[in-house]
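First up is the structure itself, then whatever we jot down about it.
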Amino acid sequence: MQKIRAAIAGIGNCASSLIQGLEYYREHSAEDVRGLMHPRIGAWGCGNIEVVAAFDIDRRKVGRPLEEAIFAKPNCTRVFQKAMPVSGVTVQMGPILDGVADHMRDYPEDQAFRPADLEPVDVARTLKDSGAEILICYLPVGSEQAVSHYAEACLTAGVALLNCVPVFIASKPEWARRFAEAGLPLIGDDIKSQVGATIVHRALARLFADRGVALDRTYQLNTGGNTDFLNMLALDRLESKRMSKTESVQSQLDARLDTRDIHIGPSDYVAWQEDNKVCFIRMEGRGFGEAPIEIELRLSVQDSPNSAGVVIDAVRCAKLALERKLAGPVESACAYYMKSPPRQMRDSDAREAVERFIAGGAVDKTAEGSAEGSADGKPAPWPGRAVAGE
Ligand SMILES: NC(=O)c1ccc[n+]([C@@H]2O[C@H](COP(=O)([O-])OP(=O)(O)OC[C@H]3O[C@@H](n4cnc5c(N)ncnc54)[C@H](O)[C@@H]3O)[C@@H](O)[C@H]2O)c1
């Protein structure tokens with residue numbers, strides 16, 4: 001069976017969960033696939049995804065075999081698959097750019113990034129030499145320059161991009177157009193976890209609207225103790241994350257809430273929580289005859305595995321798009337798997353759209369449809385779309 005050749009930028013907790021999961025599900029029978037949304041997409045199970053290149057900047061990860069680097073500090077996610085095969089992949093030094101927040105150095109070694117003092121590799125050349133087809137971007141929130149650098153490298157090397165970070169690439173018309181013109185699929189931005197704060201909050205927002213309850217005010221407060229939460233203590237890195245999470249919920253409402261009445265974001269770093277994320281949602285509304293309705297909800301999850309299965313789906317959708325010679329944002333996959341897609345949909349609609357896309361049936365007029373119209377088999381240029389929330 002043909003492999004899907006993926007590269008990863010950022011070997012942090014999410015990459016650790018993903019790579020452990022690839023091995024975990026490879027070892028499980030086809031019937032025992034609890035935890036996955038799609039045991040197979042097209043011809044591919046999880047076992048068909050192979051990581052062929054990896055980039056990081058931390059001295060405890062760079063230069064080490066990938067199967068060891070995923071367990072190196074400051075990673076702190078659950079180890080559910082200890083035995084890992086030899087990958088033959090060594091973690092390469094990426095360009096640091098704005099990947100490391102200054103305050104990281106004020107925290108103990110075990111909790112924070114420690115950049116290696118090495119020259120970065122040429123990312124585009126490394127991608128090309130590895131034969132990677134898809135790059136999964138897992139850089140820290142606020143790494144605007146670094147994410148752009150990896151996206152440029154994808155364009156140079158001819159590699160599709162799966163952007164799990166709230167730096168807007170797929171949802172920016174200019175990037176979308178450039179990927180479309182390069183004939184490359186793009187899925188982003190900011191991965192939407194399996195059952196995480198965003199999808200629960202979106203579902204409740206829709207429930208209020210569908211049942212005729214007016215939502216007056218809401219918040220979503222999140223705490224965690226991994227490096228993602230530590231990084232987000234820097235308020236100047238947070239803007240895109242707040243926007244991504246807030247718009248993801250706003251997009252599900254029939255009438256937008258005034259900014260004063262909706263507060264969503266990462267709220268604090270609690271070191272001892274490690275990779276356990278705790279989310280508190282409050283919703284205040286009015287039902288029949290203005291009768292007040294309140295919801296208080298506490299959600300506790302393991303943050304990194306919660307997104308890994310979604311990424312395994314999205315990688316296989318990117319591969320389907322490559323096989324079908326589609327280019328630019330894969331709109332259904334962006335809407336279903338990402339918080340900030342080029343076009344927001346209701347999750348039930350996004351699910352139907354992605355199932356249609358997987359089945360190869362009718363798709364909406366996006367990258368998915370663009371290849372159909374081209375006589376020479378080349379994808380049509382991306383028409384351009386508004387950024388979510390604009
Ligand atoms: N459920 C989830 O965990 C979830 C959901 C949505 C989005 N995300 C996003 O995914 C991203 C990754 O999350 P994580 O928990 O793995 O973070 P993490 O802090 O564990 O990992 C980030 C990794 O990137 C490395 N890095 C920093 N700068 C780099 C550079 N310039 N080049 C290469 N590597 C660099 C760090 O050394 C670290 O290993 C974050 O932006 C996060 O917000 C995660």
Side-chain angles (χ1 to χ4, degrees), residues 7-19 53-62 64 66 69-78 91-101 104 107 111-116 118 120-121 123 126 135-151 153 162-167 169 188-199 222 224-233 237-238 240-242 244-245 248 265-266 269 274-277 279 299 301-311 314 337-340:
I8 304 180
I11 309 303
N13 283 306
C14 287
S16 180
S17 290
L18 170 69
I19 294 167
F55 304 91
D56 205 283
I57 51 80
D58 195 293
R59 65 186 182 220
R60 292 156 293 184
K61 297 174 182 172
V62 176
R64 286 184 77 180
L66 181 60
I70 58 172
F71 298 124
K73 287 288 173 192
N75 289 6
C76 59
T77 189
R78 277 178 74 230
V91 178
Q92 304 288 316
M93 181 70 189
I96 299 178
L97 298 170
D98 53 358
V100 179
M104 283 274 170
Y107 285 79
Q111 290 168 227
F113 302 150
R114 290 291 185 265
L118 291 169
V121 296
V123 175
T126 308
L135 175 73
I136 304 166
C137 179
Y138 273 140
L139 299 193
V141 170
S143 309
E144 297 279 336
Q145 294 166 21
V147 174
S148 300
H149 185 94
Y150 284 95
L162 175 49
N163 181 32
C164 303
V165 181
V167 169
I169 304 285
D189 300 308
D190 197 9
I191 195 81
K192 198 195 286 171
S193 290
Q194 196 166 12
V195 177
T198 295
I199 195 133
N222 297 282
N226 55 25
T227 37
D228 189 21
F229 274 89
L230 178 61
N231 172 57
M232 291 189 292
L233 285 182
R237 300 180 72 88
L238 257 193
S240 63
K241 186 71 169 185
R242 276 197 195 287
S244 177
K245 286 177 75 69
S248 196
Y269 170 70
E274 298 200 322
D275 201 32
N276 174 212
K277 166 171 155 175
C279 157
L299 174 73
V301 295
Q302 296 299 311
D303 202 15
S304 307
N306 203 15
S307 66
V310 181
V311 172
Y337 297 126
M338 297 286 165
K339 293 189 191 87
S340 290

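Each ligand, and each atom within it, is numbered from 1 in the order the structure gives. Every heavy atom of this structure was used, including side-chain atoms; hydrogens, water molecules and symmetry mates were not.
Within ligand 1, the atoms closer than 4.0 Å to a non-hydrogen atom of Ile11 are 39 (O), numbered from 1 in the order shown. Residue Gly99 approaches ligand 1 through these ligand atoms, each under 4.0 Å from one of its heavy atoms: 27 (C), 28 (N). Near Asp228, meaning under 4.0 Å from one of its heavy atoms, ligand 1 places the atoms 15 (O), 19 (O), 40 (C), 42 (C), 43 (O). Listed by atom number, the atoms of ligand 1 under 4.0 Å from Ile96 heavy atoms are 31 (N). Each of the following atoms of ligand 1 lies closer than 4.0 Å to a heavy atom of Ser307: 1 (N), 2 (C), 3 (O).
Looking at atom 10 (O) of ligand 1, its nearest protein heavy atom turns out to be Cys164 O, 3.8 Å. The protein heavy atom nearest to atom 20 (O) of ligand 1 is Asn13 N, 2.9 Å. In terms of protein heavy-atom proximity, atom 21 (O) of ligand 1 is closest to Gly12 CA, 3.2 Å. From the protein, the heavy atom lying nearest to atom 22 (C) of ligand 1 is Tyr138 O, 3.6 Å. Atom 39 (O) of ligand 1 has as its closest protein heavy atom Asp56 OD2, 2.6 Å. Counting only heavy atoms of the protein, atom 32 (N) of ligand 1 lies nearest to Tyr150 OH, 2.9 Å. Protein heavy atom at the shortest distance from atom 29 (C) of ligand 1 is Ile57 CG1, 3.6 Å. The protein non-hydrogen atom at the shortest distance from atom 7 (C) of ligand 1 is Asp190 OD1, 3.2 Å.
Heavy-atom separations between Lys61 and ligand 1 include at least one value shorter than 4.0 Å. Using 4.0 Å as the threshold, Asn231 has no heavy atom nearer than that to any atom of ligand 1. Using 4.0 Å as the threshold, Pro95 has a heavy atom nearer than that to some atom of ligand 1. Residue Lys241 places a heavy atom under 4.0 Å from ligand 1.
Rounding to the nearest 0.5 Å places OH of Tyr138 at 9.5 Å from CD1 of Ile11. Note that the CG atom of Asn226 and the SG atom of Cys14 stand 8.0 Å from one another [nearest 0.5 Å]. The structure places CG of Leu139 at 8.5 Å from CG of Asp56, a figure rounded to the nearest 0.5 Å.
Considering all non-hydrogen atoms of both residues, Pro74 and Ala112 come closest at CG-O, 3.5 Å.
Among Leu162, Leu135, Ile19, the single residue meeting the side chain to side chain contact (heavy atoms under 4.5 Å, CB included) criterion with Ile8 is Ile19.
Neither the backbone nor the side chain of Lys277 has a heavy atom within less than 4.0 Å of ligand 1. Neither the backbone nor the side chain of Lys192 comes within contact range of ligand 1; no heavy atom lies under 4.0 Å. Using a 4.0 Å cut-off between heavy atoms, Pro74 makes no contact with ligand 1 at all. At a 4.0 Å heavy-atom cut-off, ligand 1 does not touch Asn306 at all.
At a 3.5 angstrom cut-off on N or O pairs, Asp303 counts as close to ligand 1. Distances between N or O atoms of Asn75 and those of ligand 1 include no value under 3.5 Å. Checking only distances, Asn226 never comes within under 3.5 Å of ligand 1, N or O to N or O.
Between atom 24 (O) of ligand 1 and the options Gly142, Ser193, Gly10, Cys137, the minimum heavy-atom separation is to Gly10. Closest to atom 14 (P) of ligand 1 by heavy atom, among Ser240, Ala15, Cys14, Pro115, is Cys14. The residue from Val301, Leu230, Ile191, Leu139 that puts a heavy atom closest to atom 6 (C) of ligand 1 is Ile191. For atom 18 (P) of ligand 1, the nearest non-hydrogen atom from the set Val141, Val165, Asp189, Thr227 belongs to Thr227.
Proximity of Val62 to Gln92: side-chain heavy atoms (C-beta onward) are nowhere separated by under 4.5 Å.
A side-chain donor from one of Asp190 and Ser244 sits under 3.5 Å from a side-chain acceptor of the other.
Evaluation of the side chain to side chain contact (heavy atoms under 4.5 Å, CB included) rule for Ala197 yields Gln220, Asn222, Lys245, Lys277, Cys279 as partners, not counting sequence neighbours. A search for salt bridge (Lys or Arg N to Asp or Glu O under 4.0 Å) contacts involving Arg242 returns nothing, not counting sequence neighbours.
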| request: Show your working on side chain to side chain contact (heavy atoms under 4.5 Å, CB included) between Val310 and Gln194 and close with a plain yes or no. | output: CA-CA 6 Å; Val310 181; Gln194 196 166 12; 4.1 Å; yes
| query | Going through the checks in order, is the side chain to side chain contact (heavy atoms under 4.5 Å, CB included) test met by Val165 and Ser143? | reply | CA-CA 9 Å; Val165 181; Ser143 309; 5.9 Å; no
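The closest donor-acceptor contact from the side chain of Lys339 to the backbone of Ile191 lies under 3.5 Å.
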